[in-house]
J.: 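Before I ask anything, let me first share the structure, which is written out below as structure tokens.
When a ligand or atom number is given, it counts from 1 through the structure's own listing order. Hydrogens, waters and symmetry mates play no part in the numbers below; they use all other heavy atoms, side chains included.
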Amino acid sequence: MKAVIFDLDGVITDTAEYHYLAWKHTAEQIGIEIDRSFNERLKGIDREQSLDTILIHGGAAGKYRDAEKQEIMRRKNQYYQQLIQNLTPHDLLPGIAGLFAGLKRENVSIALASSSRNAPAILERLGVMDEFQAVVDPALLARGKPDPEIFLTAAALLGVPPLECAAIEDAKAGIAAIKSAGMFAVGVGDESSMRGADLSVRSTNELTFELLKEGWQRCCCIREEK
Ligand code: BG6
Ligand code: MG
């Protein structure tokens with residue numbers, strides 16, 4: 001394991017909750033109700049895909065012109081940015097600072113593969129930008145998660161082969177992307193949504209370098225036995 005690639009929202013900090021609140025508020029304004037269970041489908045996918053998924057759910061696919069959709073997304077992002085403006089280093093999820101320190105100690109490179117265009121601002125507010133040797137710019141990608149492009153780009157920026165990378169995700173689409181990239185997938189969350197992950201934890205406070213290494217070695221043994 002030469003690199004660990006992190007998702008941001010719901011892995012490094014609890015902004016997945018803020019995305020949910022912002023979409024819920026915005027969807028209500030156009031007469032669409034969403035709940036937490038529906039929200040699982042929005043995790044990991046980009047802003048445009050999220051809006052399309054909500055419109056289909058609300059029976060409003062095709063109802064809005066492009067300019068109107070842009071305006072809905074602008075409002076969602078404005079509300080989201082209000083929610084994240086007071087983030088501080090205290091908002092790192094439990095275990096993440098320790099994991100960064102463990103990876104640094106073991107000379108394992110760290111990269112970010114987040115679909116969020118707000119990611120750099122969030123990393124700055126959390127005070128962890130310097131932990132990352134590479135941050136993928138999602139605006140430069142052709143395809144979002146579950147396509148593997150974002151994870152393969154992170155590996156390429158680090159100069160590490162995908163087979164030497166582990167990646168951590170809280171979203172179904174993210175786990176699928178990691179597996180298609182040929183990487184070791186670590187899921188954070190309840191087991192049903194993390195199906196397909198090579199290693200699952202309920203909470204980030206379980207994540208340590210030692211746990212990742214143990215899971216990685218177990219997975220490599222299985223690969224070799226096949
Ligand atoms: C992902 C989140 O990280 O980023 C999604 O899981 C979100 O919920 C997506 O929609 C895009 O974020 P942003 O900040 O560019 O709207
Ligand atoms: Mg996430």
Side-chain angles (χ1 to χ4, degrees), residues 4-27 32 34-57 69-85 87 91-93 95-96 99 111-126 128 132 135-141 143-151 153-154 166-179 183 185-190 193-194 196-197 200-204 207:
V4 175
I5 304 170
F6 287 76
D7 172 46
L8 172 70
D9 299 310
V11 170
I12 293 176
T13 185
D14 202 13
T15 38
E17 177 66 12
Y18 296 151
H19 277 296
Y20 168 60
L21 295 175
W23 273 128
K24 188 168 173 56
H25 179 74
T26 311
I32 299 176
I34 64 168
D35 60 17
R36 282 179 194 281
S37 129
F38 170 80
N39 184 59
E40 288 303 306
R41 286 161 50 190
L42 302 182
K43 287 186 179 172
I45 63 174
D46 68 22
R47 214 177 289 172
E48 287 75 11
Q49 277 181 286
S50 298
L51 177 57
D52 286 340
T53 308
I54 290 169
L55 293 177
I56 292 168
H57 169 74
K69 284 166 71 171
Q70 290 299 332
E71 172 55 20
I72 297 169
M73 289 188 280
R74 191 196 62 74
R75 284 206 303 263
K76 183 269 174 175
N77 194 47
Q78 192 179 38
Y79 187 54
Y80 177 69
Q81 287 186 337
Q82 281 168 20
L83 295 173
I84 61 170
Q85 72 180 345
L87 285 177
D91 293 298
L92 273 183
L93 279 167
I96 295 298
L99 179 58
L112 190 84
S114 169
S115 317
S116 173
R117 278 167 265 175
N118 289 292
I122 293 175
L123 293 183
E124 289 294 353
R125 278 173 215 166
L126 295 171
V128 293
F132 292 84
V135 174
V136 178
D137 179 354
L140 303 179
L141 303 175
R143 292 168 298 275
K145 300 170 188 177
D147 189 278
E149 185 181 12
I150 192 165
F151 288 100
T153 305
I168 312 179
E169 262 289 350
D170 70 322
K172 257 188 193 166
I175 296 289
I178 298 171
K179 290 315 297 171
M183 299 177 182
V186 182
V188 180
D190 64 66
S193 13
M194 287 306 119
S200 292
V201 293
R202 280 201 151 275
S203 151
T204 53
L207 292 171

J.: Side chains of N118 and D9 only: does a donor on one sit below 3.5 Å from an acceptor on the other?
T.: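 Result is no, nothing qualifies.
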
J.: Check whether any N or O atom of S116, backbone or side chain, sits under 3.5 Å from an N or O atom of ligand 1, and answer yes or no.
T.: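 Such a contact does occur with ligand 1.
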
J.: Number the atoms of ligand 1 from 1 as they appear, then name those within less than 4.0 Å of a heavy atom of L42, with their elements.
T.: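 Under 4.0 Å from L42, ligand 1 has these atoms: 5 (C), 8 (O).
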
J.: From K24 NZ over to I54 CD1, what is the distance, rounded to the nearest 0.5 angstrom?
T.: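 These two atoms lie 10.5 Å from each other.
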
J.: For the atom pair CG (D190) and CZ (R202), what is the distance rounded to the nearest 0.5 Å?
T.: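 So the CG of D190 and the CZ of R202 are separated by 6.0 Å.
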
J.: Does R74, at its CZ atom, have more than 12 non-hydrogen atoms belonging to other residues, nucleotides or ligands within less than 6.0 Å?
T.: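 Yes, the 6.0 Å shell around CZ holds more than 12 heavy atoms from other groups.
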
J.: Looking only at N, O or S atoms, find the one in D9 nearest to the Mg ion (ligand 2) and name it.
T.: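 It is O, the N, O or S atom of D9 closest to the Mg ion (ligand 2).
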
J.: Between the side chains of K76 and H19, is a donor N or O closer than 3.5 angstrom to an acceptor N or O?
T.: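 H19 and K76 do have a side-chain donor-acceptor pair below 3.5 Å.
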
J.: Look up atom CE in M183 and atom CZ in F151, then write down how far apart they are to the nearest 0.5 Å.
T.: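 If we round to the nearest 0.5 Å, M183:CE and F151:CZ are 7.5 Å apart.
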
J.: Considering just N/O/S atoms, say which atom of D7 is closest to the Mg ion (ligand 2).
T.: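 So the atom name we want here is OD2.
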
J.: Within the structure, does Y80 bring an N/O atom to less than 3.5 angstrom of an N/O atom in ligand 1?
T.: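 No.
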
J.: Using heavy atoms and a threshold below 4.0 Å, how should the contact between R117 and ligand 1 be classified: side chain, backbone, both, or neither?
T.: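 For R117, the contact with ligand 1 is made by both the backbone and the side chain.
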
J.: Any chance you could lay out the side chain to side chain contact (heavy atoms under 4.5 Å, CB included) test for M73 and E48, step after step, and finish with the verdict?
T.: CA-CA 8 Å; M73 289 188 280; E48 287 75 11; 3.9 Å; yes

J.: May I ask you to identify, for S114, whether its side chain, its backbone, both or neither come under 4.0 Å of ligand 1 on a heavy-atom basis?
T.: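 The part of S114 near ligand 1 is the side chain, not the backbone.
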
J.: Does any N or O of ligand 1 fall below 3.5 Å from an N or O anywhere on R47, backbone included?
T.: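 For ligand 1, there is an N or O atom that lies under 3.5 Å from one belonging to R47.
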
J.: Out of the N/O/S atoms in D170, what is the name of the one closest to the Mg ion (ligand 2)?
T.: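 The closest N, O or S atom of D170 to the Mg ion (ligand 2) is OD1.
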
J.: List every atom of ligand 1 that sits less than 4.0 Å from any heavy atom of S50, numbering the atoms from 1 in the order shown and giving each element.
T.: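 So the atoms of ligand 1 that pass are 10 (O).
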
J.: From D91 CG over to Y18 OH, what is the distance, rounded to the nearest 0.5 angstrom?
T.: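 Output value for this atom pair is 6.0 Å.
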
J.: Of all the atoms in E169, is at least one N, O or S atom closer to the Mg ion (ligand 2) than 2.8 Å?
T.: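 Here the distance criterion (N, O or S atom, under 2.8 Å) is not met by E169, so no.
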
J.: Any atoms of ligand 1 less than 4.0 Å from a non-hydrogen atom of G44? List them with their elements.
T.: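 Checking each atom against G44, I get 2 (C), 5 (C), 6 (O).
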
J.: Could you list the atoms of ligand 1 found under 4.0 angstrom from a heavy atom of N118?
T.: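 Near N118, meaning under 4.0 Å from one of its heavy atoms, ligand 1 has 13 (P), 14 (O).
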
J.: Given D9, V11, I45, which one has a non-hydrogen atom that is nearest to atom 9 (C) of ligand 1?
T.: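 Residue with the shortest heavy-atom distance to the ligand atom: I45.
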
J.: With F6, which of L99, V135, V186 fulfils side-chain contact (heavy atoms from CB on, under 4.5 Å)?
T.: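 The single option meeting the side-chain contact (heavy atoms from CB on, under 4.5 Å) with F6 is L99.
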
